[in-house]
Each structure stands twice: as C-alpha cells, then as structure tokens.
Colleague: 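Structure below; questions to follow.
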Amino acid sequence: KAGVTQTPRYLIKTRGQQVTLSCSPISGHRSVSWYQQTPGQGLQFLFEYFSETQRNKGNFPGRFSGRQFSNSRSEMNVSTLELGDSALYLCASARSGRETEAFFGQGTRLTVV
Amino acid sequence: QQPVQSPQAVILREGEDAVINCSSSKALYSVHWYRQKHGEAPVFLMILLKGGEQKGHEKISASFNEKKQQSSLYLTASQLSYSGTYFCGTPLRGSQGNLIFGKGTKLSVKP
C-alpha cells in the first residue's frame with residue numbers, strides 16, 4: 001500500500017512569507033502528527049490531529065497552525081516565516097491509539113532565506 | 001516531558017555491542033523506538049508496553065522498566081546497517097498516535 005506522502009519535498013521561501021505543507025496519510029489512518037527536525041534538536045512535536053480535531057499541540061508559536069480534512073489529509077501552515085523556521089518538516093500517520101506504529105513521510109525541506 | 005536519551009553518540013566496530021538508554025521524568029505508558037538513517041525518514045523498530053508486551057519488526061531487543069521510567073535498546077553484534085540515529089518516543093496523554101521524542105542517539109558502525 002502507498003506510504004505517507006508529503007508535498008512539496010523542497011521549498012525555498014523568503015522571510016515574512018507564509019508556507020503551506022501537505023501530508024497524505026496511509027489509507028485507513030486517522031491520526032496525523034507533524035514534527036520539526038533540525039540538527040541537534042531531534043524531532044520536535046508540532047501538533048497531532050485525529051478525525052479532524054487537534055488532539056495535542058507542541059510548544060511552538062501561533063505562527064504554526066494546521067488542520068485535517070475529512071479524508072484524513074493534513075496541512076500545516078507557517079506564517080511570517082523566520083530564518084529559524086528552516087528545517088525538515090515530517091508528517092507521521094498512525095491508525096489510532098497509543099500502541100500503534102507510526103509511519104513517517106519523507107518530509108518537506110523548508111529553507112527560509 | 002521530553003525523554004532523555006544517552007549516550008548522545010556512540011561509535012562501534014562491526015560485531016560490537018551497544019546499549020541506548022531512554023528515561024523520562026513522568027510515568028510511562030509505553031516506549032517507542034525508531035531509527036533514522038541519514039537522509040531518510042524515521043522507521044519504526046519496536047514498542048514496549050507496560051506489563052512486558054513488545055511489538056516489533058526487527059530482531060532487536062529492548063527492556064522497559066516501568067518503576068524507573070526507563071527503557072534500554074540493546075544492539076548486539078552490530079552490523080554496518082545499524083548505523084543511524086535512534087530515537088525513543090513516549091505518547092502524550094490523550095494521544096491517538098503522536099509521540100514526544102528524545103533528541104536521539106547517533107550510532108556509527110565502522111568496518
């Protein structure tokens with residue numbers, strides 16, 4: 001079956017702009033989580049969506065937002081981009097529950113110049 | 001709430017053993033382990049649950065001490081393919097699938 005698909009794979013944006021990243025989970029998975037990965041910081045949790053509802057949110061400013069659609073696809077948006085937002089953004093999907101395996105997409109590499 | 005991993009990095013020769021530790025300041029319901037190779041997405045290794053149940057795809061052993069709120073991943077007779085960064089993760093309350101990850105342990109296996 002198809003894996004988690006993230007688009008686009010690479011993005012270059014200018015400070016102050018906004019960006020929208022997309023994640024299509026594995027068919028049948030209702031949980032989608034977003035992570036920011038930077039060198040030395042590991043995987044920083046952004047937010048989790050389940051059945052179109054945000055279940056948890058990480059410690060990120062309000063410039064970071066997201067949503068989930070009825071088909072479980074998810075988007076995250078970053079407004080007023082800053083240089084420090086440059087990172088690999090990973091999306092992970094899971095069926096549901098805390099005992100389930102999460103599957104990661106290949107990520108979107110965002111560079112802010 | 002972020003789990004703490006140790007060591008931060010380890011270098012091994014093929015065939016040597018390594019242990020990666022993960023500890024938390026709060027009670028753990030489960031511990032999840034992932035490996036990320038350079039330029040690739042993290043890949044699931046195993047889940048350790050309270051009561052001793054384990055779910056995993058790889059021939060990797062691990063332990064979970066609920067009282068000490070710790071987990072350890074044991075890599076024995078390491079192979080070159082074991083190289084990568086290992087992350088432990090724990091679920092948030094109310095989570096339906098997301099995890100809070102440690103900062104990772106970078107493992108390098110040399111020939």
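Within every chain, numbering begins at 1; the chains are lettered A, B, ... in the order of the sequence lines, protein sequences first and strands thereafter.
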Colleague: Should Leu12(B) and Ile60(B) be regarded as members of a common hydrophobic cluster, given that ILVMFWY residues are connected when their side-chain heavy atoms come within less than 4.5 Å of each other, either directly or indirectly?
Modeller: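 Yes: a chain of side-chain contacts under 4.5 Å links Leu12(B) to Ile60(B).
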
Colleague: Identify the two heavy atoms, one from Ile47(B) and one from Glu101(A), that lie closest to each other, and give their separation to 0.1 Å.
Modeller: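 Taking every non-hydrogen atom into account, CD1-N, 4.0 Å.
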
Colleague: Kindly assign one of parallel, tilted or perpendicular to the pair Phe101(B) and Tyr35(A), based on the angle between their ring planes and the thresholds 30° and 60°.
Modeller: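 Phe101(B) and Tyr35(A): perpendicular rings.
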
Colleague: Tell me, side chain or backbone of Leu90(A) under 4.5 Å from chain B's heavy atoms, or both, or neither?
Modeller: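 Contact with chain B involves the side chain of Leu90(A) alone.
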
Colleague: Mind checking whether Phe44(B) and Trp34(A) sit in one hydrophobic cluster, side chains of I, L, V, M, F, W, Y counted as touching below 4.5 Å?
Modeller: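 Different clusters: Phe44(B) never reaches Trp34(A) through Ile, Leu, Val, Met, Phe, Trp or Tyr contacts under 4.5 Å.
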
Colleague: Is the backbone of Ala102(A) close enough, under 3.5 Å, to the side chain of Tyr34(B) for a donor and an acceptor to pair up by distance?
Modeller: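 Yes: the side chain of Tyr34(B) pairs with the backbone of Ala102(A).
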
Colleague: Should the heavy atoms of other residues, nucleotides or ligands under 6.0 Å from NZ of Lys68(B) be counted, would the total exceed 12?
Modeller: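 Check fails, neighbour count at 12 or below.
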
Colleague: Just checking Leu80(B): does its CG atom have more than 12 heavy atoms from other residues, nucleotides or ligands closer to it than 6.0 angstrom?
Modeller: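 Check passes, neighbour count above 12.
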
Colleague: Would you mind checking which part of Gln5(B) comes under 4.5 Å of any heavy atom in chain A, side chain (CB onward), backbone (N, CA, C, O), both or neither?
Modeller: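 The answer is neither part of Gln5(B).
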
Colleague: Is it the side chain or the backbone of Gln2(B) that comes within 4.5 Å of chain A heavy atoms, both, or neither?
Modeller: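 For Gln2(B), the contact with chain A is made by the side chain alone.
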
Colleague: Hey, is CZ on Arg63(A) packed in by over 12 heavy atoms from elsewhere, all under 6.0 Å?
Modeller: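 For Arg63(A), atom CZ is crowded (more than 12 foreign heavy atoms under 6.0 Å).
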
Colleague: Is the number of heavy atoms from other residues, nucleotides or ligands within 6.0 Å of CG (Asn59(A)) greater than 12?
Modeller: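 No, the 6.0 Å shell around CG holds no more than 12 heavy atoms from other groups.
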
Colleague: Give me the atom names and distance for the closest heavy-atom approach of Ala41(B) to Gly105(A).
Modeller: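 For Ala41(B) and Gly105(A), the tightest heavy-atom pair comes out as CB-O, 3.1 Å.
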
